[in-house]
Novice: 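Submitted below is the structure of interest, expressed as structure tokens.
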2 protein chains.
Amino acid sequence: MVHYQTRLDTTFAALSDVTRRGVLERLGNSDASVTDLAQRFHMTLTGMKKHVSILEQAGLVTTEKVGRVRTCKLGLRRLEEEAAWIEQHRQLWSARFDALDELVEHLKRKEKADAQRKRR
Amino acid sequence: MVHYQTRLDTTFAALSDVTRRGVLERLGNSDASVTDLAQRFHMTLTGMKKHVSILEQAGLVTTEKVGRVRTCKLGLRRLEEEAAWIEQHRQLWSARFDALDELVEHLKRKEKADAQRKRR
DNA sequence: TTGATAGTGAACCATATGGTTCACTGTAGA
DNA sequence: TCTACAGTGAACCATATGGTTCACTATCAA
């Protein structure tokens with residue numbers, strides 16, 4: 001259970017940075033070298049390397065080094081856990097708002113009834 | 001566009017902490033005061049207050065202070081953007097893995113054909 | 001009125017994060 | 001072989017984060 005928590009931690013943290021989300025989108029188009037990514041995001045090689053490492057750590061990206069270039073591609077994890085977590089909470093949210101809607105409807109009906117009673 | 005990015009930033013960052021995800025789950029059951037939450041998560045009032053503020057900032061929680069107690073409840077945002085982002089990328093992932101599957105199938109067929117050709 | 005309770009804000013602390021530079025290794029090509 | 005290029009790692013820096021304590025305000029209840 002703790003493990004599960006930690007994984008959500010690292011994934012959400014990985015996703016909380018614009019650059020890293022950008023890298024994921026970029027890799028959605030095609031694989032890219034670290035240099036490609038560094039240039040695209042106006043950053044030093046070292047800086048980009050760190051981002052790539054974090055994404056790799058989170059399992060969102062895999063890399064392979066052939067010759068002197070390291071190629072990055074989308075990783076094996078498909079964000080299923082994260083999607084599940086968010087979906088679960090969206091449902092919770094929805095359920096509560098539905099309840100609120102019902103309450104509002106109930107109050108409206110009551111108000112209407114009161115008004116009619118008064119009129120008589 | 002930048003605004004969109006920033007919002008995803010803050011939400012994902014808000015979600016990347018175990019305690020804060022815990023608070024959201026807790027609030028899914030029922031509303032709670034800051035003191036309730038602080039006790040439940042073994043933390044000082046001040047500490048919990050900070051978490052609540054972050055969740056509020058991200059729009060995931062709303063609070064109302066009546067008398068001396070501030071009650072927290074699930075906020076108006078329903079994580080739709082975040083779900084959309086993740087869903088979009090899950091599809092990307094899936095698409096790429098499907099392509100991989102096809103490639104594998106193709107190679108299998110080729111291999112089989114080669115084997116048959118060899119046998120003759 | 002007085003004492004306990006709930007929250008707030010400022011200051012502080014240790015550690016994490018996102019970035020850099022610099023020195024280095026390994027590889028590709030002329 | 002020599003040079004340029006891709007990546008790596010260590011050191012450093014500024015700022016953010018997650019937490020604390022302490023002093024304060026406001027409210028509730030006896």
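Because only heavy atoms are used, hydrogens play no part in the values below, and waters and symmetry mates are left out as well, while side chains stay in. In the text below, chain A, chain B and the rest are named by the order of the sequence lines, each starting its count at 1.
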Novice: Do you know which two heavy atoms are closest between B:Phe12 and A:Leu15, and how far apart they sit?
Specialist: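 Looking at all heavy atoms of both residues, the closest pair is CD1-O, 3.5 Å.
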Novice: In whole Å, I'd like the distance from the CG atom of A:Asp9 to the P atom of D:dT17.
Specialist: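 Interatomic distance, CG of A:Asp9 to P of D:dT17: 15 Å.
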Novice: Could you tell me the separation between the NZ atom of B:Lys65 and the C1' atom of D:dC28, rounded to a whole number of Å?
Specialist: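 Interatomic distance, NZ of B:Lys65 to C1' of D:dC28: 13 Å.
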Novice: So A:Glu56 and A:Thr63, side-chain hydrogen bond (donor to acceptor under 3.5 Å, both in side chains) or not? Walk me through it.
Specialist: CA-CA 8 Å; A:Glu56 209 174 358; A:Thr63 70; 2.9 Å; yes
Novice: Among the clusters formed by ILVMFWY side chains lying less than 4.5 Å apart, do B:Val23 and B:Ile54 turn up in the same one?
Specialist: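 Result: no, two separate clusters.
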Novice: Could you tell me the separation between the CZ atom of B:Arg70 and the P atom of D:dT27, rounded to a whole number of Å?
Specialist: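 The answer, rounded to whole Å, is 12 Å.
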Novice: In whole angstrom, give the distance that lies between atom CZ of A:Arg68 and atom P of D:dC5.
Specialist: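 After rounding, the reported distance stands at 8 Å.
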Novice: Provide the closest heavy-atom pair for B:Ala58 versus B:Thr11 in the form atom of the first, atom of the second, distance.
Specialist: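 Smallest interatomic distance, heavy atoms only, reads CB-CA, 4.4 Å.
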Novice: How many Å lie between CD on B:Glu64 and P on C:dA6, as a whole number?
Specialist: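 So the CD-P distance, B:Glu64 to C:dA6, works out to 18 Å.
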Novice: Anything under 3.5 Å between a protein N or O and an N or O of nucleotides 19-23 of chain D, put it in a table, one pair a line.
Specialist:
from: D:dG19; atom 1: OP2; to: B:His51; atom 2: NE2; distance (Å): 2.2
from: D:dG19; atom 1: N7; to: B:Lys50; atom 2: NZ; distance (Å): 3.0
from: D:dG19; atom 1: O6; to: B:Lys50; atom 2: NZ; distance (Å): 2.2
from: D:dT20; atom 1: OP2; to: B:Thr44; atom 2: N; distance (Å): 3.3
from: D:dT20; atom 1: OP2; to: B:Thr44; atom 2: OG1; distance (Å): 2.6
from: D:dT21; atom 1: O4; to: B:Thr46; atom 2: OG1; distance (Å): 3.4

Novice: Between B:Lys49 (NZ) and D:dC24 (P), how many Å, whole number?
Specialist: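 Spelled out: NZ on B:Lys49 to P on D:dC24 is 18 Å.
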Novice: For B:Glu64 and B:Thr71, does a side-chain donor sit closer than 3.5 Å to a side-chain acceptor?
Specialist: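 No - no donor-acceptor pair under 3.5 Å links their side chains.
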Novice: Separation of A:Gln57 atom CD from C:dT17 atom P, in whole Å?
Specialist: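 Checked: the CD to P distance equals 11 Å.
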Novice: Can any side-chain N or O of A:Arg20 pair as donor or acceptor with the backbone N or O of A:His51 at less than 3.5 Å?
Specialist: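 Checking the backbone N and O of A:His51 against the side chain of A:Arg20, no donor-acceptor pair under 3.5 Å is found.
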Novice: To the nearest Å, how far apart are A:Phe12 CZ and D:dT17 P?
Specialist: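 Those two atoms, CZ and P, are 17 Å apart.
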